[in-house]
Structure formats: structure tokens, C-alpha cells
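Accompanying notes for the structure given below.
Naming: A, B, ... by sequence-line order, numbering from 1 per chain.
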Number of protein chains: 2
Amino acid sequence: MPAVIENYWVTILKALGHPTRLQIVIELLKGTKCVTDIHDILPASQANISQHLTVLRNARIVDFAQDGSQRCYYVCRPELVEGVLELLRNEQPESKAKKVQCCLRKPENADGHQAA
Amino acid sequence: MPAVIENYWVTILKALGHPTRLQIVIELLKGTKCVTDIHDILPASQANISQHLTVLRNARIVDFAQDGSQRCYYVCRPELVEGVLELLRNEQPESKAKKVQCCLRKPENADGHQAA
DNA sequence: CTCTGATATTAGAATATTCGAATATTATTT
DNA sequence: AAATAATATTCGAATATTCTAATATCAGAG
């Protein structure tokens, strides 16, 4: 699990971890929309939406197709995004730990735990 | 999709959207660990790890079981977290938009688009 | 109660994010 | 070319996040 990959994962999660951006993505999943459409739907300024779209684009979550002077934005990884939303929707009740014992830190099983 | 729910989703995504916290969660999925265990594994100070664990706990992603003076942390929503990681691993190639046309903003189909 | 290991909290500086205002760019129409 | 609609960029202030250093708390051993 190289650090490079996880950095990319973090970029994706961070991009989704903002209310406006999550809303944008949810709306785009319903269908491709241009910036003004999104602006009509969400309570944010045009510039701000454009900024958030840039963040989402840098995370490679959305992309756009130019259509005249409009940019038709769409989710370019729908399975990823829908999957995440699906998991969030199916919120399970928290599970308690099965068994409490966790680590080898206890004296009796100290086997090369502190720096060798 | 009430705002309250999405706020919670954002909290979860934001919590996962940090390199150290994502690492912590990945490690905890392998097995319950106390803070010192995590500290041994990851390049961060004890205080910092404790802080990140607090963030993860507030997002209800992890919880702990007290075991003497230790706190055995574990992922309390394993399906959610593993599901997200699984989706990130199966990174699909980006999909291009099927068809370019997107919105009703065009003059010819302007039907109640601007404020009625 | 004191000592120690384990963990948490606080405070503050460093850094990053967010957003509005203003401006720039790009494509289309006239 | 000028006007206009659509979108992007830049700047800067406000705010939030992150991290380190220091300190506090808490549990068990002696």
C-alpha cells in the first residue's frame, strides 16, 4: 500500500468531505449539469461552485464536457461515488468490540515489542 | 436527504480524509490496537495520534474498550470503512460522459428555468 | 500515597481551507 | 468588433486544521 496511492485516496475523501462538494456530487449523480444549473440548486455563489468543482476535478471525481460556452459536469467515477454514498446510507449500528484484549503490550507477552 | 444526515456523512468523510487518520483506520482494521501500538507503527507523536483518535471517535468511526490503563481501539463500523477502502482499491478508469447534452439552459427549451 | 506507564488535554504557532468580491476568460451572437 | 452569457481565476480576509511542547489525568504496582 504505497504512500502515493493513499495520498490519492485522501485527496478523494477530502474532496468529498465538504458539504457543498458532497451536494454537488449528489446532484451530478442524478444527471449531468452545467455550472449555472448547480448554482440554481445550491446556496452558493457561482465563483464558489466553480472553485469546488475545481477541487472535485483535481481529485478526478468529476469531469466536464464542453458544450459551447457551457461546461457539462458529470461524475466520472460513478461506481466509486455511488458506492460510498450507498455505504453511508446503510448506516449500521455501531458494533462493540468482540473481545477486549488487543495488544501485545502486556509484560507477560512482551516479545520484541519495544525497539529491538 | 435532510441536511443533518449529510452533515454526518461529511464528518465521516472528513475524518477519513487525512493521511494519518486513514492509516490509523487501516491498521485498526487489521486488529484492535492500543494507542502505543499505533504510535509504534505510525510516524506521529503520541499526542497527535491521540488527537486523531478523538476525531475518529467523534465521527463514530472508532471506539475503544478500556483495558486497565490501556485503551484498545477498534473500528466500530468495519463494514463502512472496509467498504470505502474496497471501493478505493478497485479504482476504475475514469468514464467519459456518454452524451454531452446536459442541461435545459438552452434558449429553445427554456421552460421555467430562470426564477418564475 | 508515590511512582510509572498509558493516554488525554491544552495552548499556541504554523499552515491550510473557505468564501466573497472583483476581474478575467471563453464562446456565441449580433 | 462589441455585447452577452457562462465559467474561471485571483486576492485577501476569515476561519479551521494540524502539529508540537508541555502538562494533566488515570490506572495499576509497590
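- Nearer to the 5' terminus of DNA chain C, by closest-nucleotide assignment, is the contact made by B/Asn48 (compared with the other of B/Asn48 and A/Gly17).
- Note on A/Ser45: every side-chain N or O is 4.0 Å or more away from OP1 and OP2 of C/dA21.
- Applying the 4.0 Å criterion to OP1 and OP2 of C/dT18, one finds that A/Arg21 has a side-chain N or O inside that range.
- The line from CG of A/Asp37 to OG1 of A/Thr32 is 10.0 Å long, rounded to the nearest 0.5 Å.
- The phosphate of D/dT7 has neither OP1 nor OP2 within less than 4.0 Å of any side-chain N or O from A/Ser69.
- In this structure, B/Gln66 atom CD and C/dG5 atom P are separated by 18 Å, rounded to whole Å.
- Close to D/dA8, at under 4.0 Å from its OP1 or OP2, lies a side-chain N or O of A/Tyr73.
- Per the geometry, NE2 belonging to A/His18 stands 10 Å off P belonging to D/dT17, to the nearest Å.
- Taking atom CD of residue B/Gln51 and atom C1' of nucleotide D/dA16, one finds them 14 Å apart after rounding to whole Å.
- Regarding B/Ile24, its CD1 atom lies at a distance of 13 Å from the C1' atom of D/dC19, rounded to whole Å.
- The only member of B/Leu87, B/Leu88, B/Val81 that meets side chain to side chain contact (heavy atoms under 4.5 Å, CB included) when paired with B/Val84 is B/Leu88.
- The distance from atom CG of B/Leu53 to atom P of C/dT7 is 10 Å, rounded to the nearest whole Å.
- Atom P of nucleotide D/dA27 and atom CZ of B/Arg71 are separated by 9 Å, given to the nearest angstrom.
- Contact annotation for B/Ala44: no contact, since no heavy-atom pair falls under 4.0 Å across all strands.
- Checking C/dT7, C/dA8, D/dT7 against the side-chain heavy atoms of A/Gln70 singles out D/dT7 as nearest.
- Expressed to the nearest 0.5 Å, how far CD of B/Gln51 lies from OG1 of B/Thr20 amounts to 11.0 Å.
- To the nearest angstrom, C1' of C/dT10 lies 13 Å from CD of B/Gln46.
- Atom C1' of nucleotide D/dA8 and atom NE2 of A/His52 are separated by 14 Å, given to the nearest angstrom.
- The distance from the NZ atom of B/Lys14 to the CG atom of A/Leu16 is 12.5 Å, given to the nearest 0.5 Å.
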Yes or no on side chain to side chain contact (heavy atoms under 4.5 Å, CB included) for B/His52 and B/Ile24, after CA distance, side-chain angles and deciding distance? CA-CA 9 Å; B/His52 284 309; B/Ile24 288 176; 3.9 Å; yes

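- Note that CG of A/Asp67 and CZ of A/Arg71 are 12.0 Å apart. Values are rounded to the nearest 0.5 Å.
- In the displayed structure, A/Arg60 atom CZ is contacted under 6.0 Å by at most 12 heavy atoms of other residues, nucleotides or ligands.
- At a non-hydrogen distance threshold of 4.0 Å, nothing from residues 54-62 of chain A comes into contact with DNA chain C.
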